[in-house]
Amino acid sequence: MVRNVLGSILALAGATAAVWSPFRAWYDGRHGSTYRIDDLFSGISATKAQVAGSILLPFAFAALVTLVGLVLRSRVLVAVAGLITLGFAILWMVRQGQVTGSLSVDSSGNGLGQGVAMALGGGLALLLAAGPMSGRRAAGPEPGPRSDVPAPDTPYEAPYEPRHALPPDQQPPYEPPPGPPRA
């Protein structure tokens, strides 16, 4: 129970970071929400995208998969959401690196921005969240009749013989065993 709660909190934090990341600077001050999703597959261009057609879309989809995974208590879905988030962030990094020749981080704020770090951190948080979650248990076979219990229609037979054939009121008194007790 506690593992599911901790995993859910970490998964929600990771999904939130992934969805929030396009609204932060990704490279040289350009926000992630201005990169078209087509740019990830055809190369980064200077054309700015509408928010609905930006790289926010795969991160929002990953957040939706996370929510479904949390409702269904599916660690696989939460891990898939983490892979989607990391995959699109890394694909963007590859495409950006192809355009600029290299990826850099400067102390002056040029290069990779906080948005990329949030997307990568959110994806890693989603993968880590899938670990402690216990997930759903697979339904096992229906329990059948036990072989060591007699069926209700058969008469009960004692599994042992009585120690004495005498009734309880006619049995000899208890005698302690000879010798000292064993250690």
Side-chain angles (χ1 to χ4, degrees), residues 1-140:
M1 173 84 173
V2 173
R3 291 174 28 189
N4 280 338
V5 171
L6 292 176
S8 298
I9 290 170
L10 187 59
L12 288 174
T16 302
V19 171
W20 189 18
S21 69
F23 299 104
R24 307 293 294 173
W26 276 54
Y27 199 78
D28 284 339
R30 185 175 174 187
H31 283 223
S33 60
T34 62
Y35 290 102
R36 295 181 313 148
I37 195 163
D38 297 337
D39 290 350
L40 298 177
F41 303 104
S42 60
I44 303 289
S45 67
T47 308
K48 295 193 177 204
Q50 300 293 325
V51 173
S54 70
I55 60 174
L56 171 65
L57 193 61
F59 296 131
F61 177 72
L64 179 67
V65 171
T66 301
L67 291 176
V68 171
L70 291 178
V71 168
L72 297 177
R73 291 187 301 153
S74 172
R75 27 184 341 181
V76 172
L77 285 177
V78 174
V80 165
L83 291 176
I84 290 170
T85 303
L86 283 175
F88 277 96
I90 291 171
L91 180 61
W92 175 86
M93 290 173 70
V94 168
R95 292 299 183 181
Q96 185 66 39
Q98 289 174 343
V99 169
T100 60
S102 68
L103 295 175
S104 63
V105 178
D106 292 347
S107 61
S108 61
N110 296 330
L112 293 174
Q114 291 178 345
V116 178
M118 288 177 70
L120 293 173
L124 287 175
L126 287 168
L127 286 178
L128 290 174
M133 292 176 62
S134 62
R136 296 190 88 153
R137 301 282 184 238

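Note: hydrogens, waters and symmetry copies are ignored here, and every other heavy atom, side chains too, is used.
Looking at every heavy atom in both residues, F41 comes nearest to R95 through O-NH2, 3.2 Å. The shortest heavy-atom contact between G69 and L77 is CA-CB, 3.7 Å. In this structure, A89 and L120 approach most closely via the heavy-atom pair CB-CD2, 3.7 Å. In plain terms, the two heavy atoms of R36 and S45 that are nearest each other are NH2-OG, 3.7 Å. Between M118 and R24, the shortest heavy-atom distance links the atoms SD-CG, 3.6 Å. Across G7 and A129, no two heavy atoms sit closer than the pair O-CB, 3.3 Å.
T34 contributes atom OG1, which lies 8.0 Å from atom CD1 of I55 (distance to the nearest 0.5 angstrom). With rounding to the nearest 0.5 Å, the separation of CG in L12 from CG in L67 is 6.5 Å. Rounding to the nearest 0.5 Å gives a distance of 9.0 Å between CD1 of I44 and CD of Q98.
In this structure, the side chains of F88 and L40 come closer than 4.5 Å at one or more pairs of heavy atoms.
Between W26 and F59, the angle of the ring planes lies from 30° to 60°, which puts this pair in the tilted group.
The backbone N or O of G111 sits less than 3.5 Å from a side-chain atom of D28, completing a donor-acceptor pair.
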Under the criterion side chain to side chain contact (heavy atoms under 4.5 Å, CB included), I'd like the reasoning laid out for D39 against W92: C-alpha separation, chi angles, the key distance, then a yes or no. CA-CA 8 Å; D39 290 350; W92 175 86; over 6 Å; no
Per-pair distances, 0.1 Å, donor-acceptor, side chain in residues 78-86, under 3.5 Å, sequence neighbours excluded:
| residue | atom | partner | partner atom | Å |
| --- | --- | --- | --- | --- |
| T85 | OG1 | A81 | O | 3.0 |

